[in-house]
Each structure stands twice: as C-alpha cells, then as structure tokens.
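All remarks here apply to the structure that follows.
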Amino acid sequence: MSPLELIGGIAVLVGGLLAVVGGIGLIRFPDFYTRLHAASVTDTLATALVVLGLALMASGVLVVVKLVLTLVFLIATGPVAAHALAKAALHGRLQPQLAREAEEDRSSST
Amino acid sequence: MEHHLVLRVAAKLLIPPILLFALYVQFHGDFGPGGGFQAGVIFGAGCILYGVVFGVDNLQRVVPAGVVRVLSAAGVLLYAGVGVWSLLSGGNYLDYGVLAADRVHGQHLGIMLVELGVGTTVSAVMIGLFYGFTSLRP
Amino acid sequence: MSATAVMAHLPALAVVVPLMTAPLTVLVNRPALVWRLATLSCLLTFAVAVGLLARVLELGPFVYEIGGWAAPWGIEYRIDAFNAYVVLVVTGVSAVAMPFARRSVEREVERDRAYLLYCAWMLALTGLVGIAVTGDLFNVFVFLEISSLATYVLVSMGRGRAAPLAALRYLVVGTVGATFFLIGVGLLYEMTGSLNMADLAARIPPIADSRVVHAGFVFIVLGLALKAALFPLHAWLPGAYGAAPSAVTAFLAGTATKVAIYALLRVVFTVFGARFAFGTMAFDVLLVPLALAGILVASAVAVFQQDLKRMLAYSSVAQIGYMLLGAGLVSEAGLTGGIVHMFNHALAKTALFLALGCIAYRVGTVTVASMAGLGRRMPWTMAAFVLGGLSLVGVPLTAGFVSKWYLVQAALERDLWWVAAIVLFASVLALIYTGRVAEAAYFRPAVPGGLPDRAREAPLSMLVPVWLLVGLNFYFGIDAALSAGVAGEAARGLLGGVS
Amino acid sequence: MLELLALHYNYLAVVVLMMTGLYVVIANGNLVKKVIGLNIFQTSVFILYISFGKRLGGTAPILSPDFELYSNPLPHVLILTAIVVGVATTALALALVIRIHRGYGTLEEDEIERIEAEEQGGAG
Amino acid sequence: MSVETTLVVALLLPALGSIFVGLSGWHPNVRETVTLATAGITLWLVASLWPVVAAGGRPRIELVETLPGVPLVLELEPLGMLFALVASFLWVVTSVYAIGYMRGHHELNQTRFYVCFAVSISGALGVAMAGNLFTLFVFYEVLTLATYPLVTHSGTEEARRAGRIYLGILLSTSIGLQLAAIVWTWAIAGGLDFTPGGLLAGKVDGPTAGILLCLYVFGVGKAAIMPLHRWLPAAMVAPTPVSALLHAVAVVKAGVFTVLKVAVYVFGLDLLSELEAGRWLAYLAGFTIIAASLIAMRKDNLKARLAYSTVSQLSYILLGALLATSASVAGAGMHIVMHAFGKITLFFCAGAIMVATHKTEVSQLAGLGRRMPITMAAFLVGSLSIIGLPPFGGMWSKWFLAAGTLQAGEQVLLGVLMLSSLLNVAYLLPIPAKAFFGKPTDRSDAGGFQEAPMACVAALVLTALGCALLFIEPDPFHQLATQAIAPLATSH
Amino acid sequence: MLAAAMLALLVAMVLALVRALSGPTVYDRILAVNTFGTKTVLVIAVYNFLSGRPDFLDIALVYTLINFVGTVAVLKFFEYRDLGAASGSNGAEETSR
Amino acid sequence: MPHALSLGLVLYVLWLLLSGIYEAWLMGLGALSCAFTVWVAARMDVVDHEGHPIHLRWGRLLVYLGWLGREIVVANIQVVRLILSRSMAITPTVAHVPASQRTDLGRVIYANSITLTPGTISIDVRDGDIEVHALTREGIEALLEGEMDRRVRELEGEPG
Ligand code: NA
Ligand code: NA
C-alpha cells in the first residue's frame with residue numbers, strides 16, 4: 001500500500017466515522033433545525049474526506065475528475081438544499097426550539 | 001419579495017453544467033448500452049430543476065408540451081427504427097454491425113442512435129411527467 | 001425483405017410492431033386515427049404470432065439473437081411451442097379486444113386522453129409479448145415492468161375516483177412483485193454469472209444445494225406469483241379489473257396474469273427444472289393447496305359479488321388456480337390442462353368481459369340488479385354472456401370443458417381424487433355465479449325505469465368481437481386438436497427440459 | 001476478512017432496507033408513505049446489485065477482438081434499468097396519489113375505505 | 001340418405017327447427033306449424049331407423065375428435081332406439097298439447113318456450129344416440145341447460161328458486177360426480193365407447209368398480225334417486241307441457257336411460273351383478289320407491305303428487321338396471337316406455353284440469369268427472385297403467401321387473417314392488433274415484449260439460465290409447481330391450 | 001480500511017433511516033431522506049473502489065443530481081402545495097431584464 | 001452575449017476535461033453539445049451575471065475558498081463535539097445578521113457560506129440582512145463579528 005493510498009484510506013475512514021457522528025446528531029438533536037446542523041456535518045467534511053480520500057486512491061485521471069465533479073456538485077447543492085429546507089420549514093410555521101435567553105431576545109426584537 | 005433567492009441563483013449556476021454533463025454521458029456511454037438512460041435522466045432532471053425553481057410556465061416556454069410529446073415518441077421510434085433498419089439491412093434485430101460497411105463503425109453508429117433515442121425519450125418523458133404533475137393541482 | 005426473411009425475424013417483429021406503434025399513437029393526434037393504427041398493429045402482431053406458431057410447429061424450437069450476439073452475452077429470444085402459444089393468446093386477445101375498444105373507449109374515456117390509452121395498450125402488449133419471447137431473465141424483468149407500468153396507466157384511466165386508487169394498489173403490489181423477481185434474478189446472476197435461461201438451466205444443477213440459489217428460487221417464484229395473482233396474493237386483481245375501462249379489463253383478463261403464469265412456469269420448469277423445483281424445493285406441496293384454495297375461495301367469493309366486473313375478476317383468481325394446479329401436478333396431462341386453460345380461459349373471460357363492456361356501453365352499470373330484463377333489451381349480448389359463462393363453467397363442447405378434462409385426468413392419474421373433486425365442485429360454483437346473471441337477465445322483469453332508454457342492443461362493432469370469441473369457445477370445445485395439441489407439445493417441452 | 005465482513009454487512013443492509021420498505025408498504029395507511037416505502041424497498045435491490053459488483057466483473061465475457069470495448073456492459077445496464085424503472089414507477093405512483101387526493105380529499109387508507117363504504121351503503 | 005346421415009339429421013333437426021321457431025316468433029301460427037312439422041319429421045326419421053336396429057344394425061358415425069381419444073360419436077343400439085322412439089313420438093303429442101295449453105293459459109314468452117323445447121328434444125335424442133360416455137354426457141348437459149329456461153318459465157320468485165334447485169342438483173351431480181366417473185373410466189379403460197358386455201369388464205377390481213358405480217348412479221341426478229330427487233317436485237311450478245317433458249319425454253328418462261346404458265355397456269351385467277355396491281344401491285332404489293310413494297300420498301297438490309310418483313317410478317328402472325339380470329334389465333327398458341305413456345297422460349290431465357278450471361289441488365277435484373269426463377277417464381287409464389294393472393302397458397314392465405328380483409334372489413325387493421303397487425293404488429285411484437263419485441264442492445263443477453281446449457284433449461286421449469295399445473303390443477319394445485343384452489340372455 | 005468506512009457509512013444510513021421513519025415533521029423526513037441520498041452516493045463511490053470497478057461513479061453523480069432535484073421539488077410541493085408555480089413572486093423574467 | 005460566449009467556452013473546457021478522448025469526432029460532438037446547451041440555457045434566460053458570473057474576482061475567490069475550508073473544518077469539530085458530548089450543551093438561537101453585499105449573487109454566496117459552515121444555517125435572505133439559525137449562541141456571535149461578510153463583499157466585482 002502506497003503512502004498516498006494509506007492517507008486516502010484514512011481520509012475515507014474518518015469521513016465515514018464523521019458521517020456516523022452526523023447520523024447520531026440526526027437522532028440526538030431535539031428539533032428539526034438543530035438536526036439540520038447535524039446533517040451538514042455529513043454534507044461538508046464527511047463528504048469531502050470520503051471523496052478526496054478516494055481520489056487519492058484512484059488510478060485514472062478520469063476517475064479523479066468524476067470524483068471531484070461529484071464533490072463539487074455535492075458541496076454546491078448541499079447548502080442550497082439545507083437552506084431551502086430551513087426556509088420551507090419556517091414558511092410552514094415550524095417554530096424552532098430556542099435557548100431561553102435567545103427566545104427572549106427574539107420576542108423583544110419583534 | 002425575492003422568496004427563493006438562493007435557489008434561483010444556484011439553479012442558474014447549476015443548470016448549464018448539468019445539461020452539458022447529460023450530453024457528455026449521452027455521447028460517452030463507453031460505447032456500450034446504458035448511456036442514454038443516464039443522460040436522459042440527467043437532462044430531464046436539469047429541466048425539471050428549472051421548472052421547479054422558475055415555474056412550470058417558464059419551462060413550458062422553453063420546452064412546449066407538444067414538443068415533449070413529439071420528442072418522447074420520436075425517441076422510441078428512433079430506437080425501434082434503428083432495429084428495423086438493421087433488419088432491412090439483412091441483420092438481426094438491433095444487430096448494428098450491418099449498418100455500415102465496417103462492422104465496428106456500424107456498431108458505433110447503431111449504438112449511438114439507439115442511445116440517442118433512449119435519452120430523448122427518457123428526458124422527454126420525465127419532463128412530460130413533470131407537466132403532468134403540475135397540471136394536477138390537488 | 002423476402003417472405004422467408006420475414007419468417008426468420010418473426011420473434012423480433014412480434015415485439016417491434018407494437019413497440020413502434022406506441023410512439024406513433026402519441027404522434028397521431030386524432031383518436032379515430034389512433035384507434036385505426038392500434039387495431040392495424042394488433043392484427044399485424046397477431047399475424048406475426050400465427051406465423052411464429054406455425055414456424056415452431058414446423059421446425060421445432062429455435063433461437064433468435066437480438067443484436068446478433070450469441071448468448072449468454074447477447075439477449076436471445078428462444079421460441080418453442082409454449083412461447084408461441086402464449087404469444088398467440090396474448091396477441092389474439094388484443095386483436096379481438098382492440099376493435100371492440102373504439103366505441104367503449106369513446107364512452108368511458110375522455111377524448112383528449114384516448115390516445116394515451118391506446119399508447120399504453122400497445123406498450124402493455126409489447127411488454128407481454130416480450131416476456132413471452134425472451135430467453136433472458138433480466139429482459140423478462142424489463143418487459144414485465146414495461147407491461148406493468150402501461151397496465152397501471154390503463155387501469156387508472158377507468159371512470160370514477162376509484163380507478164387511480166385501484167391503479168395505485170395494483171402498482172404497489174406489482175412493484176413489490178417485480179422487485180422480488182429482480183432480487184431473485186440478481187441472486188442467480190451472482191451465483192452463475194448468467195442471465196440466459198438456457199445457460200442458467202445448465203449452470204444451476206451443480207450448485208443446486210446453494211442457499212443463494214434456493215433464495216433466488218423463492219424470490220422469483222414469489223414475485224411472479226404476485227404478478228400472476230396466485231391466491232392468496234390476488235388482492236390487487238379484483239380492484240384493478242373492476243376499475244379499468246371495460247375494453248382494458250377484457251384485454252388484461254385475457255393476457256396479463258397468463259403471461260405471468262407463463263413466466264412462472266418457464267422459470268420453474270425450464271430454468272430451475274422440475275427436479276429442483278418440485279424435488280429439492282417441494283414447490284408442489286405449496287402450489288397445489290394454494291391453487292385449490294384459490295379455486296374454492298375465489299369462486300365462493302365470486303358468488304357473492306354484486307358488481308359483475310368484480311365477480312368475473314374473482315372468477316379469474318379461481319381460474320388462475322386451475323392453471324397453476326395443472327403445473328403443480330407435474331405431469332404431462334396436468335401441464336397440458338394448465339396450459340390449455342390459459343388459452344381457453346382467455347377465450348371465455350375475454351368474451352365475458354367484452355359482453356360486460358357492451359352492457360356498460362348501453363346501461364352504464366354492471367351489477368346483478370341492473371341485469372333485470374336485459375335478456376329482452378340486449379338479446380345478443382346476454383346470449384353471448386350466457387354462452388361464455390358456459391365455457392367458464394366447463395360445460396362439455398365448450399373450451400372450458402377441455403381444460404377440466406385434462407386437470408381431472410391428471411389428478412386421477414396421481415390418485416388425488418379429492419383434487420379432482422375440488423376442480424369439479426368449483427365448476428358448480430362457477431355455474432352459480434354465472435347462472436345468477438342469466439337468471440336476472442331472463443327471468444326477472446325489468447324494474448320500471450330501471451334501464452335507461454338507450455339500453456338496446458350493442459352496436460355491431462362491439463358484438464362481432466364478442467360473438468367471434470363465443471364462437472371460438474365452442475369451436476375449441478368441439479375440436480380441441482389444435483389448442484390441446486399445442487398445449488401438450490408445450491407441456492412435453494417443459495417437462496422434457498428436465499430429464 | 002474485513003472485506004468479507006463488509007460484504008455481509010452489505011447483505012444485512014439490503015435485508016434491513018428491504019424489510020423496512022416492505023413494512024412501510026404494508027403497515028402504513030398513508031398512501032404517500034406507502035410509495036416512499038416502495039421506494040426504499042426498490043433501493044434495497046439497487047444496493048444488492050451494486051454489491052454484486054465484484055462478481056459481475058469476474059465473468060466478463062471475451063468476444064471477438066474487434067469489440068474489446070464491449071467488455072461486460074451488463075452491470076451498468078442492469079442497475080440503470082432497474083433505477084429507471086424505479087423512478088418511472090415512483091413518478092406514476094405520485095401522479096396517482098395526486099389524483100386520489102383530488103378524488104377523496106385524503107390520502108389515509110382508512111379514511112378512503114370509510115368513504116367507499118359509505119358510498120356503497122348509500123348506493124345499495 | 002344413408003343410415004348414418006339419417007342419424008345425424010334426426011339429431012340436428014329439432015335444434016335446427018328451434019332456430020326457425022325462434023325466427024318465426026312473431027307469428028304464432030307459423031311458429032307452431034314449424035314446431036309440429038319438425039316434430040313430425042323427426043319422428044318419421046327416427047322411426048325409419050327402427051327396422052335397421054331391429055335387424056341387428058348398429059348405425060355409427062364419428063362426428064369429431066374433440067380431445068385425443070375422446071371423439072363425439074353417435075351410435076344407435078336397441079336401448080337408444082327405444083328411448084329415441086319414445087321421445088320423438090311423445091314430442092309430437094306434447095307439441096299438440098302445448099299449443100292448446102299455452103294458448104289457453106295465455107303464457108308469456110311462448111317463443112322461448114318452443115325454442116327450448118325443441119333444443120331439449122335434440123338433447124334427449126343425443127343422449128339416446130350417444131356412442132360413448134362423453135357424447136352421452138355432452139347431450140345430457142345440453143338437455144339440462146335447455147330445460148332450465150322451461151322450468152323457470154314463469155319468472156316468478158318461486159319459479160326462479162325452482163330453476164336454481166333444478167340446475168344446482170342436476171349440474172352439480174353431473175359435473176361433480178358423473179364427469180369424474182367418466183374421466184376415471186377413461187383412465188382405467190383407455191376409451192369411452194359403449195361396449196356390449198361392458199367397457200370395464202375385466203379391467204377393474206371390485207372396490208373401484210363399486211365407487212365408480214356410486215359416482216355414476218348419484219352423478220345422474222336426472223334419475224332422481226333419493227336424496228337427489230328434490231329438483232323434480234320443485235320443477236312442478238313449470239307449465240304442464242314442461243312437466244310432461246320432464247317426467248315423460250326427455251329429462252328423467254334420459255337419467256334412467258343413462259344409468260341403464262352404464263349398467264349394460266360400461267359395467268356389463270356380469271360385473272355389475274357381482275358388485276356389493278350394486279346391491280346396496282338397489283336397496284336405496286327400493287327405499288326411494290316406497291318413501292316417494294308415501295310422500296306422494298300426503299301431497300294434496302296434484303302435480304306434486306305426480307312428481308313424487310315419478311320419483312318412485314324412476315327407481316323401478318334403477319332397480320331393474322342395478323339388479324343386472326336379463327329380466328330386470330328388460331323390465332327396466334320397457335318401464336321407460338310404459339311409465340312415459342302413463343305419466344304423460346296423467347300430467348296432460350292435470351294440465352287440462354288447470355286450463356279448464358284453474359284447479360291444482362286434489363281436494364278440489366270432487367265431482368269434476370261430470371264436467372270433464374274425457375279427461376278424468378284418461379286419468380284413470382294412466383293411473384291403472386302406472387299401477388301396473390291390465391289391460392294397460394304398465395303391467396308388462398312390472399312383470400319383468402318382478403321376475404328380475406327373483407332372478408337375482410332378492411325376495412325383499414319383490415316385496416317392495418308389491419307394496420309399492422298398493423301405495424300406487426292408494427295415491428292415484430282416489431283421484432278419479434273422487435272425480436266421478438264425489439260431491440262437487442264448487443257449484444260451477446255441477447254445470448255441464450266443459451273440457452280443456454281441443455288440442456289438449458286430443459293429446460291426452462292419444463296417450464291414454466297408447467297405454468292400452470302397449471298392453472296389446474309390447475313386443476317391439478320388449479325385443480329392443482332384450483336385444484341390448486342379447487349376449488347375456490343367451491348365456492343364461 | 002475501505003470496508004470499515006463503508007460499514008460506517010451504512011450505519012449512518014441506518015441512522016438516517018431511523019430519523020426518516022420517526023419524523024416527527026415532514027421536514028425531518030425530507031432532511032433524513034436527503035442525507036440518506038448523500039450517503040448512498042458515498043457508498044456507491046466507496047464500493048466502486050472496494051470492488052475495483054469504478055463503473056458506478058456515473059451513477060453516483062446521477063444520484064446526487066436526482067437527490068438534489070427531488071429534495072427541492074418535494075420541498076416546493078410542501079411549501080406551496082404546487083410544483084408548477086415559480087419560486088416566490090419572481091421568475092426568470094424579473095432578473096433577466 | 002459575452003456571457004453566452006464565455007459560458008460556451010467554460011462548458012467546452014468541462015467537456016474536454018470529462019471526455020479524455022481527443023478524437024475529432026467526439027470533440028466535434030462536444031462543440032455541438034456545448035452550443036446546444038448554451039442555446040437551451042439562453043432560452044431559459046439563465047445566462048446572465050448571476051447564471052454565469054464572469055465579473056467575480058476569481059483570484060480572491062480561491063483565497064476565500066481556502067479560508068472558508070478552514071472555517072468549515074473548525075466548525076465541524078465543534079459540532080462533532082457537541083453531538084458526542086453527554087450534556088449536549090446547545091443553545092439554539094435565531095438572529096438577523098447584517099449582509100453588506102451589493103448584489104443578490106453576493107448575498108447568496110454569503111448565505112451559502114453560512115450554511116456550509118456547520119453550526120449555522122441561513123434561513124432567509126433579505127435585502128440588508130440574513131436570518132440565521134445557529135446551534136449555539138457563539139456561532140451567531142462569530143458571524144456578527146463580520147469577517148465572513150466582509151470577505152464575501154470583497155469578492156463582488158462590477159456586475160456586467
Ligand atoms: Na385473468
Ligand atoms: Na451549516
């Protein structure tokens with residue numbers, strides 16, 4: 001196993017573990033909005049680690065291009081989808097569960 | 001007022017590369033069967049993304065429903081027609097080798113046309129389905 | 001192309017003709033023209049099927065390579081008596097039901113959506129014929145889904161809000177079935193690296209002890225049994241048949257489940273082989289009781305239906321039991337009976353559903369109550385219904401009798417007298433449910449104001465297909481040499497693949 | 001060893017997905033959820049097929065030297081076709097769901113059945 | 001016309017006639033002329049075959065091979081000749097009667113009636129001429145289906161219920177048991193042809209043969225052995241000509257004829273006489289004879305009484321067939337004829353009474369003899385023939401049946417026959433006695449002569465005369481009946 | 001190592017599935033399904049390497065695209081009860097002046 | 001028009017990158033494909049300064065992406081800690097963060113950057129500010145410091 005492959009493998013593994021953490025967050029966090037944050041762990045770093053790790057292990061240029069393209073697309077669409085989700089939820093009158101002080105701030109400001 | 005600014009801008013950025021990627025897949029199906037499906041799905045998805053974000057009326061302006069209907073049919077006809085062409089050229093159904101003097105060339109040509117038919121139909125059907133959905137308001 | 005060249009390409013043409021017609025129906029915008037196109041295509045496909053059968057009977061089984069690649073890499077169409085027979089049934093039913101459809105569709109489907117019905121019909125036909133001719137398991141899946149998707153669309157085009165509901169229920173079950181099938185195919189592929197049926201048949205015996213192969217068998221059989229509406233997996237069928245437009249119901253009742261049964265028998269007997277299916281997997285231990293239960297329960301339920309479409313649909317579930325019972329008996333007589341019943345039931349059930357279509361056209365509703373006095377108002381239609389019903393019951397000199405003869409014979413051959421008893425007893429149930437209709441039509445006076453004024457005899461374009469089928473029911477009941485002969489040949493072919 | 005394990009976990013995932021999907025299809029009274037369940041169920045097969053990848057490649061047929069580009073095109077086709085079929089099915093299902101919602105004003109099966117029963121009662 | 005062609009034409013003629021009857025439906029006179037003409041020609045054709053068969057000819061023609069090894073075959077042998085003669089002759093008479101009855105009774109749907117009637121005759125002739133079990137089964141079912149609309153004719157709830165029972169019992173037994181027996185026979189013997197000496201002879205062991213026999217006897221619901229007799233009384237709601245058809249011309253006769261054919265040509269008398277099951281079934285027939293008679297006694301409704309009488313009389317024929325001796329079989333064959341003429345006379349009378357007076361109950365008939373002397377005289381003749389008293393034809397068949405019980409060593413069954421005759425007397429003779437000597441309960445009966453329409457009276461007189469004639473000249477039928485078992489008769 | 005990563009991804013998928021099934025809001029479900037889709041893409045990619053056949057990368061890409069478009073469409077449907085309307089009040093015309 | 005030309009060029013580069021086969025036939029197909037895509041995109045009206053932002057300062061964008069990547073990694077670690085901590089000490093907060101960008105595109109980049117960084121999500125984008133949901137109050141406070149806002153504003157060139 002070449003050093004590049006080793007690094008790639010580690011990156012992929014770490015990415016996978018991050019994804020698990022994101023999944024745990026998805027389960028543990030109390031409301032939809034907080035869960036969105038947990039999901040974004042996967043959307044960003046986990047995805048990047050896995051895909052870039054794979055790119056390090058790849059043999060052909062074409063594969064690397066495709067991987068990078070996948071990553072770019074994932075990174076480009078992930079936040080858009082998350083934003084759209086949050087906005088839709090707010091529009092659909094799903095109230096976020098806020099920390100008490102923050103809630104007071106919010107009620108005083110509006 | 002500008003309710004989905006993010007979506008709108010993102011869509012504008014993404015759609016051209018998506019469409020091009022569809023065409024890339026269409027013509028680079030590794031010269032094997034299968035490319036047309038993916039390409040059609042991608043192209044259709046790109047158009048649908050446009051329709052979802054900018055409204056079905058805008059999409060209808062770009063790809064009118066009648067065109068979608070014709071394209072979906074034309075794709076199937078192309079697919080089946082290449083097969084018949086190969087029948088008429090003395091081969092078996094979908095035996096593209098007979099389509100050109102050189103068997104390899106014939107294969108390439110046949111597959112490309114067939115895949116083009118598949119891709120056309122798949123994307124047209126996807127768009128047609130989207131039109132169908134949006135016309136059915138619950 | 002010369003005539004001989006056409007003959008050589010018949011297997012492909014059987015699929016290509018309806019396939020090419022489907023997009024054309026979309027391109028042509030006028031319903032009348034679309035119908036003409038579809039009818040022409042159906043007749044052409046039927047002619048191809050006749051040629052195919054003639055060729056098989058003359059030359060014996062043969063192989064057609066799609067794309068000119070040899071199996072197992074390319075897809076091949078492998079034609080023997082069984083395929084050709086099923087293709088004949090499917091295309092024949094379509095060729096009779098399509099001419100009928102014009103008036104019926106005009107009444108039951110909105111004008112601007114009619115083209116969609118014809119398009120879906122042609123696609124369904126493509127899929128059904130495709131399943132029957134292909135020799136590749138994955139290709140079976142593809143054609144299965146083409147026909148299924150088209151069928152869901154067809155069912156959803158029925159009148160009323162129940163139609164999309166029935167279509168969705170059918171879709172859910174059908175998709176689960178198809179997915180099971182796909183899983184099974186995948187497992188076999190995993191084990192053998194092949195999707196070609198003939199190739200698989202050679203590769204499976206050495207690994208027949210593998211649990212993956214067993215699982216593959218179970219998944220495939222389960223999936224196809226769902227599609228074939230084998231009791232108790234039949235729940236989707238009455239709803240779907242009841243909701244679809246009349247002409248579509250007739251078409252489906254004559255074709256869809258039969259093709260699924262074809263696929264089931266093909267896989268069980270040709271791919272896995274009877275020794276594996278019935279020896280290792282003891283499939284008959286499950287199949288025979290289920291078939292019998294289906295025959296009894298569905299027949300009994302049919303007796304209590306008020307809606308005639310549903311009644312006939314439950315009857316279909318029972319008849320599917322007959323077809324699979326024949327297979328479960330694993331003998332030449334049994335298989336012959338099951339296969340010939342595919343043919344005979346198609347004749348009878350299509351005739352009955354078409355007659356119902358006539359009634360729906362003139363009366364609107366097709367309940368037992370709405371039949372009162374109809375014997376006078378629609379004498380030809382009702383006579384056709386009664387005669388078709390006789391075939392369903394299995395009265396001698398009708399096609400239905402021939403099937404029962406073989407099935408009873410097969411049961412007695414294996415000393416399963418109680419199986420024979422159930423087969424015969426269920427005929428009596430069939431008598432009860434068809435008799436109920438006859439009684440209402442002829443011996444119950446019309447309720448004043450109960451029948452609409454337009455309730456007169458159906459137009460000739462609808463009666464001719466109905467009576468053609470009725471006539472065939474008697475023709476093939478009096479001289480079953482062709483129908484039973486080919487079925488026997490198909491049965492021998494299926495069993496011969498084993499030994 | 002680990003790869004073998006992974007392969008088995010793959011099967012496990014397939015089975016879990018399959019069972020989940022099937023359970024949702026059967027147990028859930030909401031038609032949209034049924035469709036989603038169906039989707040999950042189908043997805044399990046895609047994963048199953050993909051997890052065969054290794055073997056799929058193992059039997060690449062050798063055709064005439066002219067056509068080395070055609071080395072087994074099968075795995076691609078199989079999964080793609082299955083996916084396309086799945087997408088088409090889902091699309092059709094959703095279209096039907098919308099029409100059902102328009103007809104009954106609800107997507108809960110219990111509710112629809114109640115409406116149907118009332119209708120039958122009213123008619124008969 | 002060759003003999004074989006005659007056979008086919010005679011069979012198809014009523015069916016073809018029915019088409020013309022149907023087409024001429026709007027003109028009653030034409031319709032009825034066609035009916036009568038068809039009946040007449042059919043009788044003439046059938047009669048023309050008689051000399052051939054009597055001379056030992058067995059005209060045979062294979063129509064089509066429906067299934068491999070299972071053809072539709074026509075073959076006329078003596079028993080079939082006998083049945084065909086009875087059916088075609090009585091059709092003529094019944095047609096005459098029906099014209100009077102249906103018009104006098106202002107029935108609806110008369111065209112359907114005549115069409116179905118004609119098809120039924122085709123069915124009956126087909127049963128008579130069947131050359132193998134399959135063909136017999138086919139026409140047996142044709143007969144069942146064609147008579148169903150006749151039973152349900154009036155369309156009342158009662159009639160529809162009767163129709164259901166009729167079709168239910170007849171078809172379920174025939175499809176459920178008879179067909180099974182036929183398929184089984186095919187499996188054992190490899191063929192279905194009626195074979196002199198028995199198709200199954202030497203091919204089957206005792207227990208199997210016993211089960212098969214039970215399947216056949218119970219599978220022929222038309223023979224109305226208890227407990228499968230319910231359809232017959234139920235069917236009395238039908239118009240009287242239909243009752244005549246059911247009880248005399250075609251239906252029940254087709255039933256007992258089938259059993260007789262099966263006994264003689266499928267099992268063969270040698271095999272049958274050895275079967276334990278045959279004995280038990282004979283006892284069941286004996287039970288039916290007595291029980292049905294007892295029920296008949298308690299029926300006040302005239303047609304119901306006659307219906308139970310038929311149930312009882314049919315079991316005479318079954319008894320004769322099952323005892324499987326030369327005399328009993330001859331007696332059974334002859335009883336088909338004798339009972340047909342006796343019972344048709346009685347039903348014609350019952351119908352005539354109904355048309356003329358709208359009376360249906362026995363208790364209403366007191367004093368009717370003065371008003372309808374011809375009818376009641378004919379009723380007396382019919383009754384005496386059924387009872388088996390000279391000088392009427394019924395005597396001969398009972399004589400041979402009685403001899404048959406002794407041949408078979410079944411003295412108990414002889415007792416049954418004797419007792420049954422007494423019961424016949426008890427439920428039949430009081431009717432004419434009351435009519436002639438009773439005091440009218442109804443003033444209108446005291447009035448003058450008022451018979452049913454001419455056609456009705458003519459028909460019932462004709463059949464009553466037939467009863468008498470059969471006493472004088474039973475030989476032709478006796479010959480036919482014994483010819484069928486000729487090989488056996490010589491061996492005894 | 002890849003196998004372990006794959007296993008981890010599968011576990012994450014199951015977690016997402018749990019959330020998809022337990023809800024409680026429709027947005028939770030959409031989020032979970034979207035995440036599930038993202039992970040499916042990763043699994044496909046990793047599996048390609050595990051099996052030594054990078055044939056399915058195209059599929060991964062297509063899947064990503066469909067996942068995104070599907071999510072947006074579903075969201076839009078739930079937000080406006082209508083797929084066909086332009087997002088918000090402005091369409092392309094407004095910005096293209 | 002310059003947008004269209006530029007788009008076609010960019011797409012063609014993408015094609016060449018993807019294709020890897022440099023035969024005349026396929027390169028020609030690529031050109032055709034690009035032309036077709038540009039034509040469709042033009043019909044869709046997506047070829048403008050937003051759909052194809054040639055005016056951005058692309059050099060700075062690279063620098064910005066590097067900075068953003070670092071931020072994302074840091075934020076990721078924080079959120080992972082939160083998820084795994086037993087107490088899960090989160091303080092969900094919603095606040096309006098000022099957005100000083102002049103163009104929609106700029107605001108979109110800012111909003112997306114916020115969303116990309118775990119722990120903060122943009123919920124709504126308005127003219128002068130962005131509504132943000134944060135997992136902890138610290139996340140909001142970091143944003144309010146305004147570094148990201150400033151960096152994005154600097155990306156904006158002159159819209160063409
Ligand atoms: Na069916
Ligand atoms: Na974030």
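All values reported here derive from a predicted model rather than from experimental measurement. Quick note on labels: first sequence line is chain A, next is B, and so on, each numbered from 1.
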Quiz prompt | Residue part contacting chain D, namely of C:Ala178, when any heavy atom lies under 4.5 Å | solution = neither

Quiz prompt | Closest-packed option against chain D by number of heavy-atom pairs under 4.5 Å, given C:Val142, C:Ile146, C:Leu165 | solution = C:Leu165

Self-check item: Within-4.5 Å side-chain heavy-atom neighbours: C:Phe180 and D:Leu22
Solution: yes

Self-check item: Considering all heavy atoms, the nearest C:Val176-D:Phe41 contact
Solution: CA-CE2, 3.7 Å

Quiz item: Is the shortest heavy-atom distance from the side chain of D:Leu48 to the side chain of C:Glu190 under 4.5 Å?
Solution: no

Self-check item: Smallest separation among heavy atoms of D:Gly103 and C:Arg161, with atom names
Solution: O-NH1, 3.0 Å

Quiz item: Do C:Val172 and D:Leu31 have side chains that get closer than 4.5 Å, going by heavy atoms?
Solution: no

Quiz prompt | Shortest non-hydrogen contact from D:Leu96 toward C:Ser156 | solution = CD2-CB, 3.4 Å

Quiz item: In terms of heavy-atom proximity below 4.5 Å to chain D, should C:Phe219 be classed as side chain, backbone, both, or neither?
Solution: side chain

Quiz item: Do the side chains of C:Leu171 and D:Leu38 get nearer than 4.5 Å, heavy atoms only?
Solution: yes

Quiz item: Quick one: are C:Leu168 and D:Val97 in side-chain contact, heavy atoms under 4.5 Å?
Solution: yes

Quiz item: Would D:Gln42 and C:Leu182 count as a side chain to side chain contact (heavy atoms under 4.5 Å, CB included) if you check the C-alpha gap in whole Å, the side-chain angles of each, and the deciding distance to 0.1 Å?
Solution: CA-CA 10 Å; D:Gln42 287 181 297; C:Leu182 189 60; over 6 Å; no

